[in-house]
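Heads up, the thing below is written out as structure tokens.
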Amino acid sequence: MKKIAIYPGSFDPVTNGHLDIIERGLNIFDRIIVTIMRNPSKKTLFTVEERMEMLGNSLAEIPNVEVDVFHGLLVDYAAKRKADAILRGMRAVSDFEYEFQMALMNRKLNRDIQTVFLMTGLRWIFTSSSIIKQAAEFGGDIEDMVSPMVCRKLKEKFGFADPSA
Ligand code: PNS
């Protein structure tokens, strides 16, 4: 039986830290469904379509990965897709409380779906979509934290695009 994981998130935008988790996840799962979901406590910079496009572009070379969007409860989506697990990345202790709370709520909502946490590579321990957006907003160099396409999109959003590119 093929093992399937859902990797849910806001992906606003996808970062190299997310890609690192997906690659690590593929050592455990046969297939990973990367799903853009709504986090009611976050206002996004990019539209769902833009986030889909950036994920699709960043994951184009990685086999056994699918990109999807779902509006609703994560556990309902995981059951609908017959997933074996929800995959989440863990960086520092600061992630723990939020992730723990979410995993336990998801377990309360559906006891059959497990959450699996993977540690990001040390290289990405300090990165997040939010901190990258903040650096990009003020013209900071974020080139080695996101894919070239995401870097271009961030520069466009914040008016730092190179008109000759
Ligand atoms: O990348 P994020 O913003 O940390 O991802 C959080 C996300 C989107 C996975 C979470 O907010 C989520 O699962 N949203 C869907 C609604 C839901 O099922 N919430 C969990 C139970 S309270």
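Note that the numbering runs from 1 along the sequence shown for the chain. We count ligands from 1, going down the list as the structure has it; atoms in each ligand are counted the same way. Just so it is clear, the values below take in all heavy atoms, side chains as well, and ignore hydrogens, waters and symmetry mates.
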Side-chain donor or acceptor of [X] paired with backbone N/O of [Y] under 3.5 Å:
| X | Y | value |
| --- | --- | --- |
| Asp68 | Thr35 | no |
| Asp95 | Met90 | no |
| Asn39 | Ser10 | no |
| Arg81 | Ala5 | no |
| Ser129 | Pro13 | yes |

Distance from [atom] to nearest protein heavy atom, with residue and atom:
| atom | result |
| --- | --- |
| atom 3 (O) of ligand 1 | Ser10 OG, 2.5 Å |
| atom 10 (C) of ligand 1 | Met102 SD, 3.9 Å |
| atom 12 (C) of ligand 1 | Arg38 O, 4.1 Å |

Going by the order shown, which atoms of ligand 1 are within less than 4.0 Å of some heavy atom of [X]?
| X | result |
| --- | --- |
| Gly72 | 15 (C), 16 (C) |
| Asn106 | 20 (C), 21 (C) |
| Leu73 | 17 (C), 18 (O) |
| Lys42 | 1 (O), 2 (P), 3 (O), 4 (O) |
| Leu74 | 13 (O), 17 (C), 18 (O) |
| Met105 | 21 (C), 22 (S) |

Checklist entry - Is there at least one protein heavy-atom neighbour under 4.0 Å from atom 19 (N) of ligand 1? => result no
Checklist entry - Relative to the ring of Tyr7, is the ring of Phe11 parallel (under 30°), tilted (30 to 60°) or perpendicular (over 60°)? => result perpendicular
Item to check | Which segment of Arg88 sits under 4.0 Å of ligand 1 when only heavy atoms are counted | outcome: side chain
Next on the checklist: Do Asp12 and Lys42 make a side-chain contact, defined as non-hydrogen atoms from C-beta onward lying under 4.5 Å apart?
Outcome noted: no
Checklist entry - Are Thr127 and Asn16 side-chain neighbours, meaning at least one heavy-atom pair lies under 4.5 Å? => result no
Checklist entry - Is Tyr98 in contact with ligand 1, taking contact as a heavy-atom separation below 4.0 Å? => result yes
